[in-house]
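Reading through the structure tokens given below for one structure.
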Amino acid sequence: MIRPLIRSKALLLLAAAMLPMAANAKPAAPAKAGPGTSQPRPQVQPAGPVKGAPRLLVAISVDQFSADLFAQYRSHFVAGLGRLAGGMVFPAGYQSHAATETCPGHSTILTGMRPAHTGIIANTWIDQSAARPKKAIYCAEDETKQAADPKDYVASVDHLLVPTLGEMIKRQWPTSRNVAVSGKDRAALMMGGHVIDQVYWWKGKGFTTLDGRTLGPEAVAENKSLESVLAQGAPAMTMPAWCGPHDRAIALGGGAPASGGIGIANSLATAAPAPTASGFTVGTGHFALAPNDANAFRASPRLDRATLDLATELVDSMKLGKGPTPDMLAVSLSATDYVGHATGTEGAEMCIQMQQLDLALGDFFKALDDRHIDYAVVLTADHGGFDLPERLREQALPSAERAAPALLPDQVSAVVGAKLGMEPKDLILGDGAFGDFWINKAVPADQKTKVIDAAKAVFLSQPQVQAVFTASELAAAPMPTGTPDTWSLLDRARASFYAPRSGDLVVILKRGVVPIVRPMPGIVATHGSAWDYDRRVPILFWRAGMTPFEQPSAVETVDIAPSLAALIALKEPAGTFDGRCLDLDAGPGTTCGATN
């Protein structure tokens with residue numbers, strides 16, 4: 001589910017020593033500290049990186065870039081994605097957890113930990129103890145602060161409980177730089193972390209940064225260069241001939257979204273057509289940009305190109321990869337997700353987006369090559385995605401359908417209230433038709449178990465529901481082991497469960513059920529399920545001179561951070577990562593040393 005890009009605040013934090021969490025026996029949140037304070041480390045600090053290590057690590061997340069999209073378009077990639085497809089390829093990567101949303105997914109990539117340990121259980125959760133009328137908490141906000149605009153919020157990485165790879169690098173080599181750029185605040189912050197030198201994301205009509213920080217000259221220049229494009233608009237993009245079969249209109253119904261959820265219905269409008277009395281269509285858009293239409297700019301390949309341009313400008317101004325110690329550059333490209341939500345994954349829009357993403361990445365890698373930077377790159381995704389059911393039904397998946405209104409919190413509340421003779425209003429709280437649900441704290445403690453049991457029964461009575469797990473069931477379950485393709489639904493939900501934030505119930509819909517009750521312009525398809533179309537993502541490594549190979553067995557996104565750490569001989573205590581180091585040497589040698 002997409003969330004608004006909201007205003008941010010200053011965030012100057014230092015990472016704390018790794019402390020055990022009672023709930024999940026993993027590191028606690030990095031503690032806030034004043035300027036100039038330091039945290040002790042349990043190992044000797046080397047003077048410099050290992051000889052032959054890359055001087056720049058580049059981690060790229062393509063939002064909603066599923067393993068299915070990679071496989072479908074792989075033969076057409078000739079530039080940046082084509083280069084990566086000829087590197088060290090893991091086509092069956094997994095965001096192994098159940099809550100396959102943007103914030104949880106990004107939190108795994110450079111921490112090497114699953115959401116149960118990062119604390120990022122969803123894009124939004126409900127905290128009934130929050131000291132404000134609004135109890136929904138956005139994953140990348142500081143809910144204790146009030147933004148200047150009441151409709152806005154203060155962006156923050158405070159909810160992330162563990163450090164990122166960029167922070168670990170800076171902790172071992174203080175001269176290293178940690179930089180993140182994205183089309184979304186939550187993506188930049190979850191990949192960048194608490195201690196970050198530069199961080200930017202797209203908001204409104206340009207890139208912004210944390211409140212209290214001055215917008216750097218690189219972002220000022222990039223925003224200036226985009227002013228004329230936004231003001232004047234731009235013609236439609238040329239569609240490659242191989243996109244022809246995708247260029248087909250799919251009719252969707254019009255009308256307002258159904259009530260009862262606080263997430264999907266509140267998504268920002270994108271480049272989809274306006275509704276009419278007979279509805280609207282998707283599938284034939286070619287990204288023509290009307291003057292002053294910033295939403296359409298954002299939901300187009302132009303956003304990714306601008307993000308990569310800004311990343312290149314930061315490489316130049318900060319001389320990333322040119323210093324004595326390794327630097328970290330995290331880039332999250334958001335347009336694929338916006339296109340997927342607005343038009344689905346199988347129309348002309350996504351086909352053009354895939355071509356343009358490939359070309360933009362090609363230019364970015366060439367820019368790094370031209371600067372003679374010794375860099376290693378990994379590309380993955382925060383989650384996959386699923387097409388709109390109206391088109392899926394026409395393409396051999398007749399079981400695809402939209403979630404029923406009966407699954408929304410207000411309707412479940414009414415049924416449970418009637419069964420138990422309780423006031424139904426807001427009895428069950430939630431963020432839509434699936435995922436986490438909370439019991440209202442006004443329910444007496446001696447009645448809460450009855451409400452949970454009744455709500456579970458109501459959900460399980462719905463034909464679209466596959467499974468329901470209670471918080472007590474998830475808390476009692478062991479953390480999953482083994483390869484993620486073999487995990488049960490309980491395992492997947494457990495990997496997303498963090499007791500202080502997760503719901504009293506977690507509802508998993510059946511495969512093929514899209515949790516958007518009614519399509520509307522800008523939001524016709526989504527992700528977030530526990531099924532593999534949302535969990536499977538490519539993981540692609542590349543470094544000049546390394547022998548390419550392909551490993552089709554399942555790996556996890558939490559394997560990325562330890563694999564990159566090993567390339568630069570970063571020393572971290574055992575238990576720092578949920579993932580394992582992936583050996584990127586195709587021969588008898590290893591890039592993992594003694595850590596694998």
Would you call the rings of W242 and Y73 parallel, tilted or perpendicular, taking 30° and 60° as the class edges?
tilted
For a side chain to side chain contact (heavy atoms under 4.5 Å, CB included) check, start with the C-alpha distance between D559 and I539, then their side-chain angles and the critical distance, and finish with the verdict. CA-CA 10 Å; D559 299 334; I539 300 179; 5.9 Å; no
### Task
Report yes or no: do D532 and Y94 form a side-chain donor-acceptor pair below 3.5 Å?
yes
What one should report as the nearest heavy-atom pair of A565 and L165 is CB-CD1, 4.0 Å
When rounded to the nearest 0.5 Å, the distance separating CD1 of I523 from OG1 of T343 is 11.0 Å
**OP:** In sequence, state the C-alpha distance, the side-chain angles, and the governing distance for E313 and K224, and then conclude on salt bridge (Lys or Arg N to Asp or Glu O under 4.0 Å).
**Re:** CA-CA 13 Å; E313 291 156 12; K224 183 67 176 177; over 6 Å; no
G344 and L388 have their tightest heavy-atom pair at CA-CD2, 3.7 Å
(message) I'd like to know if the side chain of D304 reaches the main chain of L357, judged simply by a donor and an acceptor atom lying under 3.5 Å from each other, with no hydrogens or angles considered.
(response) no
* **Q172 side chain vs K571 backbone, donor-acceptor pair below 3.5 Å** => yes
task = Answer whether the closest heavy-atom distance between the side chains of K170 and M328 falls below 4.5 Å.
result = no
Quiz item: Are any non-hydrogen side-chain atoms of L361 and L333 less than 4.5 angstrom apart?
Solution: yes
*D327 backbone acceptor or donor facing R55 side chain under 3.5 Å*: no
Original post:
Does some side-chain heavy atom of T208 sit less than 4.5 Å from a side-chain heavy atom of W201?
Top reply: yes
| said: For a side chain to side chain donor-acceptor pair (under 3.5 Å) check, start with the C-alpha distance between D491 and S488, then their side-chain angles and the critical distance, and finish with the verdict. | reply: CA-CA 5 Å; D491 290 334; S488 68; 3.2 Å; yes
In short, M237 meets P301 closest at the heavy-atom pair SD-CG, 3.8 Å
Are side-chain heavy atoms of H159 and C139 found at a separation under 4.5 Å? no
Where do R391 and T345 land on the side chain to side chain contact (heavy atoms under 4.5 Å, CB included) test, with the steps shown first?
-> CA-CA 10 Å; R391 182 161 46 211; T345 62; 5.8 Å; no
D247 meets the salt bridge (Lys or Arg N to Asp or Glu O under 4.0 Å) criterion, sequence neighbours left out, with none
Closest heavy-atom pair, A335 versus Q353, reported as atoms and distance to 0.1 Å, is CB-NE2, 3.8 Å
Donor-acceptor check, side chain of N123 to backbone of C103, threshold 3.5 angstrom: yes or no?
yes
Honestly, is R298 close enough over W202, meaning NZ or CZ under 6.0 Å from the six-membered ring centre and within 45° of the axis?
no
Would you say the side-chain atoms of S332 pair up with the backbone N or O of S182, donor to acceptor, closer than 3.5 Å? no
Side-chain donor or acceptor of T591 paired with backbone N/O of L584 under 3.5 Å: yes
Rounded to the nearest 0.5 angstrom, the CZ-CZ distance for F297 and R302 is 7.5 Å
Under 3.5 Å donor-acceptor, T209 side chain and V199 backbone: yes
To the nearest 0.5 Å, atom CG of L379 lies from atom CZ of F70 at 9.0 Å
Run the side chain to side chain donor-acceptor pair (under 3.5 Å) test on T380 and T557 for me, step by step, so that the C-alpha distance in whole Å, both residues' side-chain angles and the decisive distance to 0.1 Å come before the verdict. CA-CA 8 Å; T380 189; T557 55; over 6 Å; no
Classify the ring geometry of H341 against H527: parallel below 30°, tilted from 30° to 60°, perpendicular beyond 60°. tilted
In this structure, CH2 of W542 is separated from CZ of R83 (nearest 0.5 Å) by 4.0 Å
Side chain to side chain contact (heavy atoms under 4.5 Å, CB included) with Y375: of L329, D369, L57, V315, only one passes, and it is D369
In this structure, CD1 of I60 is separated from CG of L540 (nearest 0.5 Å) by 10.0 Å
- Task: Taking the side chain as every heavy atom from C-beta outward, state whether D63 and H106 have any atom pair closer than 4.5 Å.
- Result: yes
Check: L215 and N223 side chains under 4.5 Å, non-hydrogen atoms:
yes
Heavy-atom closest pair (S496 atom, A99 atom, distance to 0.1 Å) is OG-N, 3.1 Å
d(M191 CE, I196 CD1) to nearest 0.5 Å is 10.0 Å
*asked:* Looking at N178 and I169, would you say the former's side chain and the latter's main chain have a donor-acceptor pair under 3.5 Å?
replied: no
Check step by step if side chain to side chain contact (heavy atoms under 4.5 Å, CB included) holds for D363 and R305.
CA-CA 9 Å; D363 289 343; R305 175 73 67 169; 2.5 Å; yes
Report the C-alpha separation of Q355 and H76 in whole Å, then their side-chain angles, then the decisive distance to 0.1 Å, and conclude whether the side chain to side chain donor-acceptor pair (under 3.5 Å) test is met. CA-CA 8 Å; Q355 183 218 29; H76 297 291; over 6 Å; no
Do I121 and H97 touch side chain to side chain, with heavy atoms closer than 4.5 Å?
no
Any donor-acceptor pair under 3.5 Å from Q95 side chain to R535 backbone:
no
Salt bridge (Lys or Arg N to Asp or Glu O under 4.0 Å) between R186 and D382, worked out = CA-CA 11 Å; R186 58 189 179 273; D382 54 342; over 6 Å; no
Subject >> Side-chain touch M350/H246, heavy atoms, less than 4.5 angstrom >> reply: no
Any chance the side chains of Q64 and T336 put a donor and an acceptor closer than 3.5 Å? no
Quick one, T307 with V331, criterion side chain to side chain contact (heavy atoms under 4.5 Å, CB included). Give me CA distance, side-chain angles, the key distance, then yes/no. CA-CA 8 Å; T307 303; V331 181; 4.1 Å; yes
* If only atom types and distance count, is the side chain of E218 paired as donor or acceptor with the main-chain N or O of L310 below 3.5 Å? -> no
Closest non-hydrogen atoms of A188 and A180, given as atom of the first, atom of the second and distance, are O-CB, 3.5 Å
